[in-house]
2 protein chains.
Amino acid sequence: MDALEILIKHDIKPSVQRLAVMEYMLTHFTHPTVDEIYSSLSPSIPTLSKTTIYNTLNLFEEQGVVLYLGIDKKNARFDGNTSRHGHFRCKKCGAIIDIFNEKPGNVVLKSHPELIIDDIQTYYTGYCNACNK
Amino acid sequence: MDALEILIKHDIKPSVQRLAVMEYMLTHFTHPTVDEIYSSLSPSIPTLSKTTIYNTLNLFEEQGVVLYLGIDKKNARFDGNTSRHGHFRCKKCGAIIDIFNEKPGNVVLKSHPELIIDDIQTYYTGYCNACNK
DNA sequence: CTTTGTGCAAATTCTTTGCACCAAA
DNA sequence: TTTGGTGCAAAGAATTTGCACAAAG
């Protein structure tokens with residue numbers, strides 16, 4: 001499914017900017033920050049503003065098109081892969097690595113069956129191979 | 001184990017402020033923000049500054065005495081319970097609930113056996129009983 | 001004494017807001 | 001022509017930093 005189709009499917013009106021951000025998220029599964037997205041797109045869309053990146057990502061997140069990651073203290077990070085998976089963050093170099101080891105499907109917590117779970121995110125913290133203590 | 005013992009065990013020099021923060025974390029498992037801790041302690045320690053709360057919590061986190069929670073977009077939250085457990089956040093009312101459903105012990109990821117995992121945190125997002133969609 | 005912690009004020013950084021202009025239906 | 005998107009500048013909020021003073025050993 002391409003960027004345009006995804007936006008339409010989620011009732012998001014396409015625009016040059018929104019399509020560019022969506023396209024970026026579909027080709028860069030690097031958990032980018034707003035700044036990284038802005039820096040990458042800015043040359044090809046010279047009038048682009050960071051405000052629009054914020055607006056767009058907030059909209060995308062509300063519509064479930066991207067995931068917000070709270071794994072990084074400094075900046076918000078976003079993930080275009082909305083399937084259930086975890087993330088590892090290296091304490092030393094800051095690398096973020098996808099962890100695909102989780103079961104999909106609905107979740108009911110034994111201890112709290114009354115909670116409606118829309119999303120699950122698991123953050124692993126430690127040292128990557130390169131930084132290995 | 002009381003506040004003083006915990007600090008000593010982790011090579012943290014005790015001070016009035018550090019003891020007060022530690023004591024607070026041991027009696028309020030509410031995932032407080034810096035502001036909440038400051039507001040609570042400030043009356044009894046009138047000279048207390050927010051900078052000291054930041055310093056103290058950052059130190060505590062480095063020493064593994066508290067956990068940093070990235071579950072809340074707006075503020076850093078901290079947890080005095082460092083045993084492995086998850087957290088649920090209600091999208092509507094913002095309530096954060098502890099989820100004790102995880103197995104303790106060392107973890108080696110099948111997909112990334114080379115990663116050294118120091119900490120695992122799982123964040124559940126959805127609607128609590130009261131806010132139930 | 002000497003080292004370390006505290007706390008004020010200022011600085012920094014990230015994110016949101018207000019508002020005028022622009023674009024699309 | 002009306003609705004909604006964009007982007008600039010300013011505001012806001014959370015956190016960190018620099019530095020002088022205080023505390024503790």
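Quick note on labels: first sequence line is chain A, next is B, and so on, each numbered from 1. All values below were derived from every heavy atom in this structure, side-chain atoms included, with hydrogens, water molecules and symmetry-related copies excluded.
- Taking the six-membered ring for Trp and thresholds of 30 and 60 degrees, A/His87 and A/Tyr123 have ring planes inclined between 30 and 60 degrees apart.
- Between the OH atom in A/Tyr38 and the CD1 atom in A/Ile45 there is a gap of 10.5 Å [rounded to 0.5 Å].
- Near DNA chain D, meaning a heavy atom under 4.0 Å away, the residues from residues 1-19 of chain A are A/Lys13, A/Ser15, A/Gln17, A/Arg18.
- Atom NZ in A/Lys74 sits roughly 16 Å away from atom C1' in C/dT15 (whole-Å rounding).
- Between B/Tyr54 and the phosphate of D/dT16, there is no side-chain N or O to OP1/OP2 separation shorter than 4.0 Å.
- Taken together through direct or relayed side-chain contacts under 4.5 Å among Ile, Leu, Val, Met, Phe, Trp and Tyr, A/Leu7 and A/Val16 form part of one hydrophobic cluster.
- No option in A/Asp98, A/Val66, A/Ile71 other than A/Asp98 meets the side chain to side chain contact (heavy atoms under 4.5 Å, CB included) test with A/Asp79.
- Separation of atoms CD1 (B/Ile116) and CZ (A/Phe88) is listed at 8.0 Å; rounding is to 0.5 Å.
- Counting to the nearest Å, the C1' atom of D/dT15 and the NZ atom of A/Lys73 are 11 Å from each other.
- Here D/dA14 presents its P atom at 11 Å from CZ of B/Arg77, a figure rounded to the nearest Å.
- Rounded to an integer number of Å, the gap from CG of A/Leu48 to P of D/dG5 is 16 Å.
- In terms of phosphate contacts, A/Asn58 brings a side-chain nitrogen or oxygen within less than 4.0 Å of OP1 or OP2 of C/dT16.
- Summarising the geometry, the separation between CG on B/Asp72 and P on C/dT15 is reported as 13 Å, rounded to the nearest angstrom.
- Distances shorter than 4.0 Å separate none of the side-chain N or O atoms of A/Ser49 from OP1 or OP2 on D/dT6.
- Bending across the helix from C/dC1-D/dG25 to C/dA25-D/dT1, expressed as the angle between its end axes from five pairs apiece, amounts to 30° (10° rounding).
- Nucleotides of DNA chain D nearest to B/Ala76 and A/Ile45 differ in position, and the one nearer the 5' end is that of A/Ile45.
- Going from atom CD of B/Gln17 over to atom OG1 of B/Thr47 covers 6.0 Å, rounded to the nearest 0.5 Å.
- Side chain of B/Thr56, nearest nucleotide from C/dG7, C/dT6, D/dG7: C/dT6.
- In this structure, CD on B/Glu114 lies 8.5 Å from CG on B/Leu109, to the nearest 0.5 angstrom.
- Atoms CZ and OG1, on A/Arg77 and A/Thr30 in that order, are 8.0 Å from each other to the nearest 0.5 Å.
- Note on B/Lys50: nothing from the nucleic acid sits closer than 4.0 angstrom, heavy atoms only.
- Here D/dT15 presents its C1' atom at 13 Å from CG of A/Asn75, a figure rounded to the nearest Å.
- Interatomic distance, A/Met22 CE to A/His10 NE2, rounded to the nearest 0.5 Å: 8.5 Å.
- We find that CG of B/Leu59 is positioned 8 Å from P of C/dG5, with the value rounded to whole Å.
- Under 4.0 angstrom from either OP1 or OP2 of D/dT6 there lies no side-chain N or O belonging to A/Thr51.
- The distance from atom CD1 of B/Ile53 to atom P of C/dG5 is 15 Å, rounded to the nearest whole Å.
- A side chain to side chain contact (heavy atoms under 4.5 Å, CB included) with B/Met25 is found for exactly one of B/Ile37, B/Leu67, B/Thr56, B/Asn81, namely B/Ile37.
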